[in-house]
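When a ligand or atom number is given, it counts from 1 through the structure's own listing order. Only this structure's heavy atoms are used, side chains among them; waters, hydrogens and symmetry mates stay out. Numbers here are sequence positions counted from 1.
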Amino acid sequence: MQPVLVVTGGSRGIGAAIARLGGVRGYAVCVHCRGRLDAASDVVSSIRADGGKAIAVQADVGDSDAVAHLFERVDNELGVVTALVNNAGIVGGKARVDEAEPARLRSVFTTNVYGSFYASREAIRRMSTMHGGKGGAIVNVSSMASVLGGLERTVHYAASKGAVDAMTIGLAREVAREGIRVNTIRPGIVHTDIHLPKGGDAFIASVTASGVIPIGRVGQPTEVAEAALWLLSDAAAYVTGAILNVSGGR
Ligand code: NAP
């Protein structure tokens, strides 16, 4: 049976790199997106061009009904999910805590935290041996912000990723005897569209020049993808509840 991988936010950046590498490693891949179905379809096309199997599915991860529908499409079009990467995430712009509006906090926590819970819930219902499943693996995508407190005026983002770290540890224990492993990757600064509001390439250049990254450069999405695919693989069969920094030493 072909393994089935769901990558939330697989249309761009880190998620797209994970989806593409998943296709190369033999997974049938659900490339999920929020609004950029064009970008998700491009990722699907590149997986298919390499001989892989993939579909694009649009859903807001913060909407539990939409996430349930996403997994029903995966059931019908690819088969039962065996691997999930909770990658979809937003920064939510910049605001000091004493300026942060409820709507900003709600959208960041709904996407980054609730979204990871909703997708994990659907995956566990299908993977868990307690529910008649055959097991599987989940990788969450957190951020070094959870330990560093975030870049300037992004405490809301850092706190949401702290919740993802805590969820990883607790969930890994909860489902460890049900055939499911749960781990997290903490990327440092990686070259993706998420930095466009801060200036994109100019921001990347200034961070590199500042010397705050010990390895001397920002990361590439493919470098995070390699770590995610390893955590999903049987090579990591004894790894669960782990949090792996992929951050160039920062
Ligand atoms: P990105 O290039 O901005 O891509 C974000 C992805 O998430 C897109 O596929 C987007 O879909 C999807 N998404 C956003 N909100 C969503 C929602 N409500 N429902 C469904 N999908 C949603 O971001 P990235 O840099 O690759 O980041 C990916 C993950 O890595 C995030 O969790 C981020 O916090 C984390 N991370 C990134 C960095 C970094 O430096 N890049 C560092 C640490 C952690 P659309 O394409 O449809 O908009």
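- Contact annotation for S142 and ligand 1: only backbone heavy atoms (N, CA, C, O) come within less than 4.0 Å of the ligand.
- When heavy-atom distances to ligand 1 are checked against a 4.0 Å cut-off, K161 comes that close only through its side chain, counted from C-beta outward.
- Taking every non-hydrogen atom of S11 and a distance limit under 4.0 Å, the qualifying atoms of ligand 1 come out as 8 (C), 9 (O), 11 (O), 45 (P), 46 (O), 47 (O).
- For the 3.5 Å distance criterion, the side chains of N112 and S160 qualify, holding a donor opposite an acceptor.
- For ligand 1, the atoms sitting less than 4.0 Å from at least one non-hydrogen atom of V141 are 29 (C), 30 (O), 32 (O), 35 (C), numbered in the order shown with element in parentheses.
- Counting only non-hydrogen atoms, the option in I90, D60, L196 that gets closest to atom 18 (N) of ligand 1 is D60.
- When non-hydrogen atoms are compared, ligand 1 lies under 4.0 Å from the backbone of A59 (N, CA, C, O) but not from its side chain.
- Only the side chain of T111 comes within 4.0 Å of ligand 1, judged by heavy-atom distances.
- Note that the CG atom of N140 and the CG atom of L171 stand 7.5 Å from one another [nearest 0.5 Å].
- Applying the side-chain contact (heavy atoms from CB on, under 4.5 Å) criterion to D193, with sequence neighbours excluded, gives R12, L196.
- Shown in contact with R36 at under 4.0 Å from a heavy atom are these atoms of ligand 1, numbered in order with element: 45 (P), 46 (O), 47 (O), 48 (O).
- Pairs passing the ring-ring contact (aromatic ring centres under 6.0 Å, His included) check and including a residue from residues 172-199, sequence neighbours excluded, read H195-F203.
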